[in-house]
Trainee: 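One structure follows; several queries about it will come next.
Below, all heavy atoms of this structure are taken into account, side chains as well, without hydrogens, waters or symmetry copies.
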Amino acid sequence: MSKAHAINPSKAVVHRWSQTLIPTTREAPSDAVMPSHIFMTRAGYIRPVGSGIYNYLPLAWRSLQKISTIIREELDAAGASEMLMPALMPMELYENTKRDQDYGDLLFQLEDRAGRRTALGPTHEEVITDLMCGCLTSYKQFPLNLYQIQTKFRDEARPRAGLLRCREFIMKDAYSFHLELDGEAGLNHTYDKMYQAYTNIFTRCGLDFSPVEAEAGPIGGSASHEFMVNCENGEDTILVCPVSGYAANVEKAEIGDRPFDWDQSPTDEVVKHHTPNMPGIELVAEHLGTNAAGMLKTLVMRTVEAEPKWVLAVLRGDHEGNEAKVRDAVGTAVAMADEKEALEAGFAIGYVSPMMLDKLDLKMVIDPDALNSQSWATGADEKDHHITGFNWSRDLPSAKDKAIVADIRNAEAGDPSPRASGASLEAKRGIEVGHIFKLGTKYSEAMGLNVLNKDQKNQPAIMGCYGIGVSRTLASCIESSHDDNGIIMPAAIAPYHVHIVTIKPNEDGVLDHAFELANELAANGLDVLVDDRNERPGPKFKDADLIGLPLRIIVSSKTIEANQVEFKKRTDEGKAQMVARSEIVSSCRNAI
RNA sequence: CAGGGUGUAGCUCAGCUUGGUAGAGCGUCUGGUUUGGGACCAGAAGGUCGCAGGUUCAAAUCCUGUCUCCCUGACCA
């Protein structure tokens, strides 16, 4: 499949190095850290304009176009239609969905000359839902799946790593509309098709990736997947079960059964300690003669509802709480409590213990790992004080009846797998390049996208949304495919398939032979870059390694005389091999 | 947002401690010798030292303010 799509005879090009812009540099920019950032800059793919803002030079742009073409082919095949929405959008669109608050500073905002508040689009749920309010009037128009490839704007708190996290980037976003979940026209069907389309896209791009379950939001079920490029330098952590193949991001990953025991007999008396000026659980633990794993951490949360209730989440001190899991355990959405309100309610923030259960009306959820010790250090419910020797059965017997025990923390490497007993989860790093999501009716309800269904009843549309970071895909590809000398581009998204290096192009016939060959390759559907510069061979070879085109052909007076060319894949070690002139086109075609 | 760093030639950097006419390497241009893994010789162009104030006879250098960019973290599609 990938071969057929990588080659398109009607569009193949021959470009000259001397007539395009490929400003390679010998030295890396001092501030670049990630390989993709370093090599894309050195190889003349990108140049910075400002923080998180980049020029895409011809090489990068050609790659991005190739990625876009693959995306278009796969999405069109999946039944989606391309369109284009504006980057500029009135802020009023955000008022109904409250995303101006959700997004906060991430949203680029500006005022036009008339003082109208305007935003640069970070994503387009509002715009397309608003559009559909005027367009979708009958159930007969469903299902519908629309996408665009467009520049997005997000005022990231900290742009970094070149194209991997920037403030202006290229994204493909798609939105589907349905009136039911199941069946041919249902959200689930389209979601599955998009999942398959994404798998095809990233496979064709030559990426080593993993689809992983992601936090699904209010609709429940496994309604969201992230597509992660496997890469040690990635920002995100995913957890994988090597036995069952289960994979999920750190927020979503379930943890297999963990035994726990309420009735551990006490070993120590409860002792109160003065612990002032100790920011961080590590310091406190050290002072109390234990470590973070010997402490209980009590998070004060509130339910998100008309009359919020207090929720205490109790974890082992070295574990990280997970709001979504607490939400699932409690049955209502929760958020970390406002510190002021919590203090006023009587919580000694920073020194809260589980024993607040008997003092206030609240719900308590306990992680199993927080029940497996006879003696805990924890807060004293009093500023600047902690206690040691806490024992659940002696000091808080009511918890056994009143509290819920549930998995409420982020999974870690080594935790039991939720899908294979005896297996342990492994942690891997990745770069998120795609995310598909069952939105449900969040936006249609907020913005009034209602349609008469077959039964003549008004019904909010059910939506899905599907994103791919196009520019990030390019960067993550380079991040995971390079060597010491430069980029190693997969053929499908390389700016050109073949790099013809001329040696002494001024000598008789060398350039002519190079272009004759280039045209022949192009006629066979291969994009060709001819390095026609009158440089010495050294720099030209170095540049060829750097920009990383998959195939290299060397043309010199020597090769012409022998009626051969030299041929080398970017991935080959050592010397090029001699190939008969008559064989080279098929060699190239076979090699990609 | 917190902490740390940074800004001098197209790029990578030195010079700042101790104030006194702006430096190197790479790149670029000219001429010549060269041509299979970042050549050599000779010459040249290129910088209001981030910006604004201040101190001083004199500021890249000292002081104040401000901005930029980067890194770590927090936050977050």
Trainee: Rounding to the closest angstrom, what is the interatomic distance between B/rC13 and B/rU30 at atom C1'?
Mentor: 27 Å

Trainee: Would you say a side-chain N or O of A/Ser51 is under 4.0 Å from OP1 or OP2 of B/rC70?
Mentor: yes

Trainee: For A/Glu516, enumerate each residue passing the salt bridge (Lys or Arg N to Asp or Glu O under 4.0 Å) test, keeping only those at least two apart in sequence or located in another chain.
Mentor: A/Arg581

Trainee: Under a 3.5 Å cutoff, is there a donor and acceptor pairing between the side chains of A/Asn200 and A/Gln196?
Mentor: yes

Trainee: Please name the nucleotide paired to B/rU48 by Watson-Crick or G-U wobble geometry with both distances under 3.5 Å, or report none.
Mentor: none

Trainee: Pick the P atom in B/rG46 and in B/rA22, then give their distance to the nearest Å.
Mentor: 15 Å

Trainee: What's the CG-C1' distance between A/Leu164 and B/rC71, to the nearest Å?
Mentor: 16 Å

Trainee: Go through B/rG38, B/rU34, B/rG36 for me and flag the one nearest to the A/Arg536 side chain.
Mentor: B/rU34

Trainee: Write down the distance between CD (A/Glu235) and C1' (B/rC71), rounded to a whole number of angstrom.
Mentor: 13 Å

Trainee: So which one's nearest nucleotide on RNA chain B is more toward 5', A/Asp545 or A/Ala157?
Mentor: A/Asp545

Trainee: Take atom C1' in B/rU61 and the same atom in B/rU17, then report the distance between them in whole Å.
Mentor: 10 Å

Trainee: May I have the distance from A/Glu566 (atom CD) to B/rG37 (atom P), rounded to whole angstrom?
Mentor: 11 Å

Trainee: Describe the nucleic acid contact of A/Thr123 in one word from base, sugar-phosphate, nothing, applying a heavy-atom distance below 4.0 Å.
Mentor: nothing

Trainee: Would you kindly give the CZ-to-C1' distance between A/Phe108 and B/rC76, to the nearest whole Å?
Mentor: 14 Å

Trainee: Over all strands shown, is A/Lys540 touching base, sugar-phosphate only, or nothing at heavy-atom distances under 4.0 angstrom?
Mentor: nothing

Trainee: With both distances under 3.5 Å as the test, what is the Watson-Crick or G-U wobble partner of B/rU17?
Mentor: none

Trainee: Going through the distances and angles, do A/Val501 and A/Arg552 end up as a side chain to side chain contact (heavy atoms under 4.5 Å, CB included)?
Mentor: CA-CA 7 Å; A/Val501 178; A/Arg552 181 184 313 174; 4.0 Å; yes

Trainee: What's touching nucleotides 13-15 of chain B from the protein side, N or O pairs under 3.5 Å?
Mentor:
residue, atom, partner, partner atom, Å
B/rC13, OP2, A/Ser30, OG, 3.0

Trainee: Could you check how far CG of A/Asp236 sits from P of B/rC76, rounded to whole Å?
Mentor: 14 Å

Trainee: If I pick the P atom on B/rU6 and the same atom on B/rU12, what distance separates them, to the nearest angstrom?
Mentor: 16 Å

Trainee: Nearest whole Å is fine: how far is B/rG36 C1' from A/Lys575 NZ?
Mentor: 8 Å

Trainee: Any salt bridge (Lys or Arg N to Asp or Glu O under 4.0 Å) pairs touching residues 121-130 of chain A, not counting sequence neighbours?
Mentor: A/Arg99-A/Glu125, A/Arg99-A/Glu126

Trainee: Could you give the distance separating B/rU8 and B/rG15 at their P atoms, to the nearest angstrom?
Mentor: 14 Å

Trainee: When rounded to the nearest 0.5 angstrom, what is the spacing between NE2 in A/His513 and CG in A/Leu517?
Mentor: 9.5 Å

Trainee: How many Å lie between CZ on A/Arg160 and P on B/rC76, as a whole number?
Mentor: 13 Å

Trainee: For B/rU68, which nucleotide in any strand shown is its Watson-Crick or wobble partner with both distances under 3.5 Å?
Mentor: none

Trainee: Write down the distance separating the P atoms in B/rA42 and B/rG25, rounded off to the nearest Å.
Mentor: 12 Å

Trainee: Find every protein N or O atom lying less than 3.5 Å from an N or O atom of nucleotides 23-28 of chain B, and list the pairs.
Mentor:
residue, atom, partner, partner atom, Å
B/rG25, N2, A/Glu27, OE1, 3.4

Trainee: Are A/Ile462 and A/Lys438 close enough, and set up right, to give a side chain to side chain contact (heavy atoms under 4.5 Å, CB included), and what steps lead you there?
Mentor: CA-CA 9 Å; A/Ile462 300 169; A/Lys438 294 182 185 177; over 6 Å; no

Trainee: Is the closest side-chain donor-acceptor distance between A/Thr24 and A/Asp543 under 3.5 Å?
Mentor: yes

Trainee: Need one value for A/Arg165: base, sugar-phosphate or nothing, where a base atom within 4.0 Å counts as base even if backbone is also close, heavy atoms only.
Mentor: base

Trainee: Applying salt bridge (Lys or Arg N to Asp or Glu O under 4.0 Å), name anything that partners A/Asp367, two or more places apart in sequence or on another chain.
Mentor: A/Arg258, A/Arg409

Trainee: Indicate, with a heavy-atom threshold strictly under 4.0 Å, whether A/Arg533 touches base, sugar-phosphate, or nothing.
Mentor: nothing

Trainee: Surrounding CD of A/Glu111 (heavy atoms of other residues, nucleotides or ligands, distance under 6.0 Å), is the total greater than 12?
Mentor: yes

Trainee: Quick one: on RNA chain B, does A/Ser556 or A/Gly52 contact a more 5' nucleotide (nearest heavy atom)?
Mentor: A/Ser556

Trainee: Rounding to an integer number of Å, can you tell me how far A/Arg552 CZ sits from B/rG37 P?
Mentor: 12 Å

Trainee: Would you classify A/Arg42 as touching base, sugar-phosphate or nothing, given that sugar-phosphate means primed atoms plus P, OP1 and OP2, and contacts are heavy atoms under 4.0 Å?
Mentor: base

Trainee: Is the shortest heavy-atom distance from the side chain of A/His124 to the side chain of A/Met89 under 4.5 Å?
Mentor: yes

Trainee: Write down the partner of B/rG31 under the Watson-Crick or G-U wobble criteria, each distance required to be under 3.5 Å.
Mentor: B/rC41

Trainee: For a quick test of reading the model: is some side-chain N or O of A/Arg158 closer than 4.0 Å to OP1 or OP2 of B/rC71?
Mentor: yes

Trainee: In the strands shown, is B/rG10 matched to any nucleotide by a Watson-Crick or G-U wobble pair with both distances under 3.5 Å, and which?
Mentor: B/rC26

Trainee: Could you work out the separation of B/rA14 and B/rC29 based on their P atoms and round it to a whole Å?
Mentor: 27 Å

Trainee: Tabulate below the donor-acceptor pairs under 3.5 Å that side-chain atoms of residues 15-22 of chain A make, not counting sequence neighbours, or state none.
Mentor:
residue, atom, partner, partner atom, Å
A/His15, ND1, A/Tyr496, OH, 2.7
A/Ser18, OG, A/Asp532, OD1, 3.2
A/Ser18, OG, A/Asp532, OD2, 2.6

Trainee: Indicate whether any N or O donor in one side chain lies under 3.5 Å from an N or O acceptor in the other, for A/Arg47 and A/Thr41.
Mentor: no

Trainee: Could you tell me how far B/rU21 sits from B/rU34 if I compare only their C1' atoms? Round to whole Å.
Mentor: 39 Å

